[in-house]
Number of protein chains: 2
Amino acid sequence: MRDQLHPEEIEPDGDDFLPGLAIDAVIFGFHQNQLKILLLEYRNTGLMALPGGFILTNENLNDAARRVLSERTGLSDIYLEQFYVFGDLNRFDPAPMRAIMAAKGFMPPNNHWLLRRFVSVGYYALVDFTKAVPIPDSLSDSCAWYDLANLPLLMQDHQFIVQKALDTLRTDLDRKLIGFNLLAETFTMADLQSLYETILDQKLHRSGFQRKMLSLGILERLDKHYSGGAHKAPFLYRFIK
Amino acid sequence: MRDQLHPEEIEPDGDDFLPGLAIDAVIFGFHQNQLKILLLEYRNTGLMALPGGFILTNENLNDAARRVLSERTGLSDIYLEQFYVFGDLNRFDPAPMRAIMAAKGFMPPNNHWLLRRFVSVGYYALVDFTKAVPIPDSLSDSCAWYDLANLPLLMQDHQFIVQKALDTLRTDLDRKLIGFNLLAETFTMADLQSLYETILDQKLHRSGFQRKMLSLGILERLDKHYSGGAHKAPFLYRFIK
DNA sequence: TCAAAAGTGTTAATAGTACACCCATGG
DNA sequence: CCATGGGTGTACTATTAACACTTTTGA
């Protein structure tokens with residue numbers, strides 16, 4: 001359900017927000033050949049959750065998602081995509097949220113708006129790991145990157161949401177030019193291939209990959225990158241805007 | 001926003017439903033080589049709209065969509081897919097809904113729940129045209145098929161929703177085995193090709209299409225179909241379950 | 001026997017896979 | 001001068017596209 005509270009969200013009516021509707025964000029980053037996502041931790045409860053938020057009554061849904069993303073990463077202009085709406089009744093379980101609020105010393109009434117049923121719109125986002133600055137929300141104690149391959153136990157159905165986001169990311173990888181949003185401004189072909197291999201969880205052929213990427217006509221070749229390694233220096237590339 | 005009202009929906013609080021959340025359904029059918037969708041008409045207002053509905057407080061989101069589909073077509077086990085959530089503020093315009101209710105002799109108070117802002121989950125559905133029995137909802141005067149290529153003016157952003165559904169249908173056509181849900185139980189290869197050509201709005205090569213479909217291994221060849229035409233009788237096919 | 005439509009075959013073009021080769025680089 | 005990684009070349013294969021040929025059907 002939800003995890004991010006501003007002071008006004010503690011109020012029992014939640015009048016500033018659309019009722020019963022939330023956003024859950026699976027924020028992907030890529031670092032040292034590993035896919036990572038941002039998770040929030042509620043220390044006194046042991047609960048971990050996806051970043052999320054609510055929609056202001058005078059705010060577009062997609063803008064609310066961008067706001068959540070920006071609040072958790074400090075970044076704007078993030079690649080963002082809706083991928084599914086989670087609306088099953090069995091998501092409804094007020095216990096974790098009550099525990100989280102209690103751990104913060106707030107005892108909500110039983111009819112508190114945060115303890116009601118929520119339908120959640122899932123978004124996935126792709127950010128430059130080196131640029132993002134994870135920032136906890138008002139109810140969580142930490143916001144940090146976690147290896148997708150080695151996630152801790154997540155509250156509610158957040159594990160399922162992550163899986164669905166990853167599935168969507170994989171099928172979108174061909175059709176959209178997604179890979180580039182996870183890399184720094186310039187990168188080598190090996191960086192790009194490693195990203196693709198990590199997302200798809202399979203090895204790709206080096207020469208074929210190189211020519212396929214170049215044939216797309218979306219890469220600009222820059223100077224060579226001298227890493228200090230004892231081998232031919234690879235070209236750097238940049239995504240043509 | 002919304003168009004389908006049960007008696008209990010006329011009540012000003014809408015307590016039986018999740019507040020501010022609706023479903024809009026783009027229901028595709030295929031007949032005489034034309035893609036069609038179901039539309040509702042509100043005669044006294046001149047307004048036309050997509051079928052839609054709300055989510056009961058004790059109902060799964062996807063089940064609500066299935067219910068709406070079933071109520072408008074008389075069919076169950078319909079192919080159904082979420083495709084987008086429409087949550088922009090500029091969708092919010094209570095005038096059409098007020099006009100619709102007024103035309104039915106009901107003057108809603110200004111704070112009536114149906115006149116508030118709605119976020120709408122878009123679903124597209126694929127149904128067998130010959131089996132569906134279009135049924136209006138309690139506020140509309142007709143429910144009928146309309147040529148996608150020649151749609152009337154739709155209320156609010158429903159034209160945009162249809163376009164987005166069609167875009168999704170096209171990109172899904174390869175990845176999922178979608179085509180078959182729009183045809184009768186048995187069909188000729190020409191029927192199937194015509195369906196694909198209509199959805200994609202482009203000509204396909206006959207022999208290539210035939211072999212590609214057969215190579216998928218999902219078609220069962222049945223008896224020949226003698227149409228009375230002065231030409232070779234085509235085989236009928238059925239989708240292997 | 002003819003025209004129309006259906007099924008299959010043939011070839012060319014294209015894209016994808018696998019592997020090989022040579023080059024640059026720093027130790 | 002060697003090991004390593006990088007860029008490109010080439011052969012092979014699978015898929016797709018384009019067109020041709022043959023068969024069936026009812027008039």
Side-chain angles (χ1 to χ4, degrees), chain A residues 32-33 170-180 183-184 186-240, chain B residues 30 32-33 170-171 173-180 183-184 186-240:
Chain A
Q32 294 177 335
N33 292 343
R170 282 178 178 154
T171 60
D172 283 357
L173 195 55
D174 291 334
R175 296 186 294 115
K176 306 176 183 179
L177 299 173
I178 274 177
F180 310 98
L183 294 171
T186 64
F187 46 87
T188 67
M189 196 57 80
D191 293 333
L192 186 58
Q193 182 173 352
S194 166
L195 171 61
Y196 268 67
E197 289 178 344
T198 306
I199 292 178
L200 298 175
D201 195 25
Q202 65 176 21
K203 283 277 165 208
L204 302 173
H205 292 273
R206 189 169 57 90
S207 68
F209 183 82
Q210 167 120 340
R211 253 167 320 151
K212 177 168 177 177
M213 285 300 134
L214 292 180
S215 75
L216 295 176
I218 49 168
L219 290 182
E220 182 181 2
R221 181 174 279 185
L222 307 171
D223 293 339
K224 293 195 169 185
H225 171 64
Y226 291 85
S227 64
H231 51 75
K232 200 169 175 177
F235 288 109
L236 286 178
Y237 292 90
R238 179 165 53 195
F239 184 41
I240 299 174
Chain B
F30 185 66
Q32 293 178 335
N33 291 344
R170 283 179 178 154
T171 60
L173 195 54
D174 291 334
R175 297 185 295 115
K176 307 176 182 177
L177 298 172
I178 275 177
F180 311 99
L183 294 170
T186 63
F187 47 87
T188 67
M189 195 57 79
D191 292 334
L192 187 58
Q193 182 172 350
S194 166
L195 170 61
Y196 269 66
E197 289 179 344
T198 306
I199 291 178
L200 298 175
D201 195 25
Q202 67 177 19
K203 283 277 164 206
L204 302 173
H205 290 274
R206 192 170 54 91
S207 69
F209 182 82
Q210 167 119 341
R211 251 165 320 151
K212 178 168 177 177
M213 285 300 135
L214 292 180
S215 74
L216 295 176
I218 50 168
L219 290 181
E220 183 182 1
R221 182 174 276 184
L222 307 172
D223 294 338
K224 293 195 172 186
H225 170 66
Y226 292 84
S227 62
H231 53 76
K232 200 169 175 178
F235 289 109
L236 285 178
Y237 292 89
R238 178 167 52 193
F239 184 43
I240 299 173

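Side-chain atoms are counted along with the backbone in the values below, which use heavy atoms only and exclude waters and symmetry mates.
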Visitor: Given the rule in the side chain to side chain contact (heavy atoms under 4.5 Å, CB included) test, do A/L173 and A/Y196 qualify, once you have shown the distances and angles that lead to the verdict?
Guide: CA-CA 8 Å; A/L173 195 55; A/Y196 268 67; 3.7 Å; yes
Visitor: Can you tell me how far C1' of D/dA17 sits from NZ of B/K212, to the nearest Å?
Guide: 12 Å
Visitor: A/N33: what forms a side-chain hydrogen bond (donor to acceptor under 3.5 Å, both in side chains) with it, not counting sequence neighbours?
Guide: A/S194
Visitor: Take B/T188 and B/G208, find for each the nucleotide of DNA chain C with the closest heavy atom, and name the residue whose nucleotide sits nearer the 5' end.
Guide: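 Result: B/T188.
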Visitor: Tell me the salt bridge (charged side-chain N to carboxylate O under 4.0 Å, His left out) pairs involving residues 214-226 of chain B, sequence neighbours left out?
Guide: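 Output for this query lists B/E220-B/R238.
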Visitor: side-chain hydrogen bond (donor to acceptor under 3.5 Å, both in side chains) with A/Q193: which residues, sequence neighbours excluded?
Guide: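 By the side-chain hydrogen bond (donor to acceptor under 3.5 Å, both in side chains) rule, A/Q193 matches A/E197.
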Visitor: Heavy-atom contacts under 4.0 Å between residues 189-200 of chain A and DNA chain C, which residues?
Guide: none
Visitor: Before you tell me yes or no, could you show the steps for B/F30 and B/L183 under side chain to side chain contact (heavy atoms under 4.5 Å, CB included), namely the whole-Å CA-CA distance, both residues' side-chain angles and the distance that decides it to 0.1 Å?
Guide: CA-CA 7 Å; B/F30 185 66; B/L183 294 170; 4.1 Å; yes
Visitor: On DNA chain D, compare the nucleotides closest to A/P234 and A/R211; which residue's is nearer the 5' end?
Guide: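 By nearest-heavy-atom nucleotide position, the 5'-most residue is A/P234.
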Visitor: Decide side chain to side chain contact (heavy atoms under 4.5 Å, CB included) for A/L177 and A/F239; before the verdict, give the C-alpha distance in whole Å, the side-chain angles of both, and the deciding distance to 0.1 Å.
Guide: CA-CA 10 Å; A/L177 299 173; A/F239 184 41; 4.0 Å; yes
Visitor: Using atom types as modelled and distance alone, determine if a side-chain donor or acceptor of A/D191 lies under 3.5 Å from a backbone N or O of A/T188.
Guide: yes
Visitor: Between A/F187 (CZ) and D/dG6 (P), how many Å, whole number?
Guide: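 In whole Å, D/dG6 P and A/F187 CZ are 15 Å from each other.
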Visitor: Quickly work out the B/M213 CE to C/dT8 P distance and round it to whole Å.
Guide: 16 Å
Visitor: What is the separation between atom CG on A/L214 and atom P on D/dG7, rounded to the nearest whole Å?
Guide: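 Computing the A/L214:CG to D/dG7:P distance gives 9 Å.
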Visitor: Rounded to whole angstrom units, what separation is found between the CZ atom of A/F209 and the C1' atom of C/dC19?
Guide: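 The distance from CZ of A/F209 to C1' of C/dC19 comes to 19 Å, rounded to the nearest Å.
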Visitor: Under 4.0 Å between a side-chain N or O of B/Q210 and OP1 or OP2 of C/dA6?
Guide: no
Visitor: A/F235 vs A/M189, test: side chain to side chain contact (heavy atoms under 4.5 Å, CB included). Steps then yes/no.
Guide: CA-CA 8 Å; A/F235 288 109; A/M189 196 57 80; over 6 Å; no
Visitor: Specify the separation, in whole Å, of atom NZ of A/K203 and atom C1' of C/dG16.
Guide: 19 Å
Visitor: Can you tell me the distance, in whole Å, between the NE2 atom of B/H205 and the P atom of C/dA13?
Guide: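 About 15 Å, once rounded to whole Å.
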Visitor: Walk along nucleotides 20-27 of chain C from 5' to 3' and tag each nucleotide B, S or - by protein heavy-atom contact under 4.0 Å, base first, then sugar-phosphate.
Guide: B--BBBB-
Visitor: Give the rounded distance in Å between these two atoms: CG of B/L236 and P of C/dA5.
Guide: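 Spelled out: CG on B/L236 to P on C/dA5 is 18 Å.
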Visitor: Table please: side-chain donor-acceptor pairs of residues 203-219 of chain B below 3.5 Å, with sequence neighbours left out.
Guide:
{"residue": "B/S215", "atom": "OG", "partner": "B/R211", "partner atom": "O", "Å": "3.4"}
{"residue": "B/S215", "atom": "OG", "partner": "B/K212", "partner atom": "O", "Å": "2.7"}

